[in-house]
Amino acid sequence: MEETGRLQGKVALITGASRGIGRALALAFAREGAQLSLWGRSMRGLNSVVREIGKKRSTRQGVTDAPKLWRRSAGSRDILPLSVDVSKERNVNRGVERVLNHFQKVDILVNNAGFAAFKSVLETPVEDWDRMMAVNLRGAFLSTKAVLPSMLKRRKGDIVLMASIAGREGFPEWSGYCASKFGLVGFAKSLAKEVRRKGVRVITVCPGAVDTSLWKDHPNPPDPREMLKPEEVAETVLNLLTFSQIAVIDEVVITPRKGIL
Ligand SMILES: NC(=O)c1ccc[n+]([C@@H]2O[C@H](COP(=O)([O-])OP(=O)(O)OC[C@H]3O[C@@H](n4cnc5c(N)ncnc54)[C@H](OP(=O)(O)O)[C@@H]3O)[C@@H](O)[C@H]2O)c1
């Protein structure tokens, strides 16, 4: 994909950026010139995404010893990876404080961090249920609550919520995940109406099955050839954010053409 600088001058905070869809979002946003804060619990995963971005930038600039170049630019002001557990209020508030100190603003917040456990209602451990609510729903609420004041002050900003088709339909063995994503869709719809006239856009993305590690413990995952690629979701988000600064497409469903989900 050619870089066109569609996010030049923008600061984006992406949660769950250490792998999967979040990683693809980070690469696509960086390609388009955004400054980034990448969140996840594992610094290892985040640093590997940062290195990947550095490598791609260097290759683009025709530099072959990319890792060396990246070491030189370590501490670069363009990317701020932070270990933040989105389910923890103090963690999130401190993280946002650091992002605002570093970049002075957040133009785009992508609430992408997520966790799924696929079991029947009877087999779902309470801990799994609580974790899905804590990461998928509470995490998006906490991150939004922490970032929103700075957006409202500037009367400017985009908030993306990574929901799912599981936020629109029920599926057997997905009750906790569906409940968290239905909750997220409800949160997004209310938030959108609260901030619509205050300069903040809210965009909900509902992907079908995407080929990521979210499926690693699923007993019977779809064929990866019949799943979306994380990059397809990332490009969709990018298009939704950049196609117009005036219009809003507030909810998008994206599913694989051939797959069942
Ligand atoms: N894959 C699909 O089929 C699909 C379909 C529709 C929607 N989605 C949604 O898309 C989003 C991304 O999922 P994915 O498929 O890319 O899954 P993934 O590969 O499992 O990645 C999940 C990401 O969330 C982060 N995360 C998990 N718990 C966290 C926490 N407590 N605090 C901060 N970060 C946390 C993980 O990083 P750490 O482990 O380092 O914290 C990781 O970066 C999720 O919201 C998911 O529900 C996925």
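Whatever order the structure lists them in is the order used to number ligands and atoms, beginning at 1.
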Any carboxylate oxygen within less than 4.0 angstrom of a Lys/Arg side-chain nitrogen, looking at [X] and [Y]?
X: Glu52; Y: Arg57; value: no
X: Arg94; Y: Glu89; value: no
X: Asp107; Y: Lys156; value: no

So which residues, sorted by chain and number, lie with a heavy atom under 4.0 Å of ligand 1?
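Residues near ligand 1: Gly16, Ala17, Ser18, Arg19, Gly20, Ile21, Gly40, Arg41, Ser42, Val84, Asp85, Val86, Asn112, Ala113, Gly114, Val135, Met162, Ala163, Ser164, Tyr177, Lys181, Pro207, Gly208, Ala209, Val210, Thr212, Ser213, Leu214, Trp215.
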Within the structure provided, determine whether Ile159 and Met151 are in side-chain contact (heavy-atom separation under 4.5 Å).
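Yes; the side chains approach each other to less than 4.5 Å.
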Heavy atoms, side chains only, cut-off 4.5 Å: are Thr144 and Asn111 in contact?
yes
Say whether Ser213 and Arg19, considering side chains only, have a donor N or O and an acceptor N or O under 3.5 Å apart.
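Present: a donor and an acceptor within the cut-off.
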